[in-house]
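Structure first, then comments.
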Protein chains: 2
Amino acid sequence: MPRWESDAQGRLERAALELFETQGYERTSVAQIARTAGLTERSFYRYFPDKREVLFAGHEIEAHLVGQVEAADPGLRPLEALLTALRTADEVFRSREFLLRRVRVIAASPALAERDLIKLAHIAEALVPALGRRGVQPDKARFIIDVAMAVSRRATSRWLADPDAAFSELVAQAAAELCEVAAPPAPTVR
Amino acid sequence: MPRWESDAQGRLERAALELFETQGYERTSVAQIARTAGLTERSFYRYFPDKREVLFAGHEIEAHLVGQVEAADPGLRPLEALLTALRTADEVFRSREFLLRRVRVIAASPALAERDLIKLAHIAEALVPALGRRGVQPDKARFIIDVAMAVSRRATSRWLADPDAAFSELVAQAAAELCEVAAPPAPTVR
DNA sequence: TCAATGACAACAGATGCTGTCATCACATAG
DNA sequence: CTATGTGATGACAGCATCTGTTGTCATTGA
């Protein structure tokens, strides 16, 4: 018989999401999360460096994107490599049910929304060396990645709103929008 | 004779920048900043909602961009309106000297780097209604703004590195790079 | 059998941030 | 000249986040 319940981290994550949903992020204390999960406040900080991180653990998406970019056809141009990687990113998403709860909680709290931005920025930084291995200079790589992130945000936003769209399709659609937005205007012939 | 020194907020800002430079952000306490500026900790929080904000007060750039976009030629396409507004953004920059100190301090502290991201995100959100008045739907507007922010980051990065380049030129250069990156590859004829 | 290890609790403390009330120079009215 | 209000600040108390440290007790393995 184990002395402690197993999966302490998972219990903390579930307790936190539940409490954030019902009382809001600001009004739930770390001590309360820990109590709900059957642990002490001090133990919480053994699993997560700070209160916000309880909703942001894991680097699956970053790892997936970096891996896909590094494995992409060397003939692809950088932006295409990024968008190709993005098209399969939904494979590492968890259930939409879970994602929706999480997105709602994050949107409701400035502190969590900030943490979301930081995670995106970290993904962007992690992709710089991946493009570097394809011969792109760091500053230029960061620029291309920022453009890809804009496409990603556009696709993700649509994906969350539209329950049944294929993520891959939405990425392609956003990429088409990018061309349309960025292209110099066709000379208007009168 | 005034009872207190004037420009309490400015004194706090200067003391904070100085202390962050010499000891780092984490290792300087709010009480220390306030003492250095000849005030109490409590007074610090009357001027700034939290410790990080002492380096981020003011909304001049956001106001400038929103104003310029709203005043732009209605015939311009949305991205062009944004980039045109961006070209004159350096008018509200303070001295490069001050900006460089600030950028270095921000880059040295994760907490401040985060705050920087949030400020950019707020600018992006503030621009959505400005494009809305030009007939662009919110989600699409946000997408175009994200693309413009990528261009802005590219130009700003070059501007900080190159002491004498005209900001307006760097924006134009980054915009050209955008076309090149986003354009579908020219069909290779063999 | 027993030492090492790992998972956790217990406690203390620094710091960030907030609420509340007192204080005191200054302005203005009477 | 006095009274009264106003606005900036200090003083103090308190909660929450986060960290350092140490003790406890199963489990593991020699």
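Numbered from 1 within each chain, the chains take letters A, B, ... in sequence-line order. Owing to the predicted nature of the structure, the values given are computational and were not obtained by experimental measurement.
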Per the atom types in the model, does the base of C:dG6 pair as donor or acceptor with the side chain of A:Arg46 at under 3.5 Å?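 Between C:dG6 and A:Arg46, which were checked side chain against base, a qualifying N/O pair under 3.5 Å is absent.
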Can you pull out every side-chain hydrogen bond (donor to acceptor under 3.5 Å, both in side chains) where at least one residue sits in residues 21-34 of chain B? Sequence neighbours excluded, please.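 Residue pairs passing side-chain hydrogen bond (donor to acceptor under 3.5 Å, both in side chains), neighbours aside: B:Glu21-B:Arg101.
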What residues, two or more places apart in sequence or in another chain, satisfy side-chain contact (heavy atoms from CB on, under 4.5 Å) together with [X]?
{"X": "B:Ile118", "result": "A:Glu114, A:Leu117, B:Arg52, B:Arg115, B:His122"}
{"X": "B:Val92", "result": "B:Glu60, B:Ile61, B:His64"}
{"X": "A:Ala126", "result": "A:Glu62, A:Val66"}

Identify all pairs in which a protein N or O lies below 3.5 Å from an N or O of nucleotides 15-19 of chain D, and state each distance.
| residue | atom | partner | partner atom | Å |
| --- | --- | --- | --- | --- |
| D:dT17 | OP1 | A:Val30 | N | 3.4 |
| D:dT17 | OP1 | A:Lys51 | NZ | 3.2 |
| D:dC18 | OP2 | A:Tyr45 | OH | 3.1 |
| D:dC18 | OP2 | A:Lys51 | N | 2.8 |

Interatomic distance, [X] [atom1] vs [N] [atom2] [rounded to whole Å]:
{"X": "B:Arg35", "N": "D:dT9", "atom1": "CZ", "atom2": "P", "value": "18 Å"}
{"X": "B:Tyr47", "N": "C:dC17", "atom1": "OH", "atom2": "P", "value": "18 Å"}
{"X": "B:Gln9", "N": "D:dA8", "atom1": "CD", "atom2": "P", "value": "12 Å"}

Using OP1 and OP2 only, check whether a side-chain N or O of A:Ser43 sits under 4.0 Å from C:dC8. no
When the aromatic ring centroids of B:Phe93 and B:Phe167 are compared, is their separation below 6.0 Å? yes
Please enumerate all residues that pass salt bridge (charged side-chain N to carboxylate O under 4.0 Å, His left out) together with B:Glu180, with sequence neighbours excluded.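 Testing B:Glu180 for salt bridge (charged side-chain N to carboxylate O under 4.0 Å, His left out), a comparison that skips the adjacent residues, returns A:Lys140.
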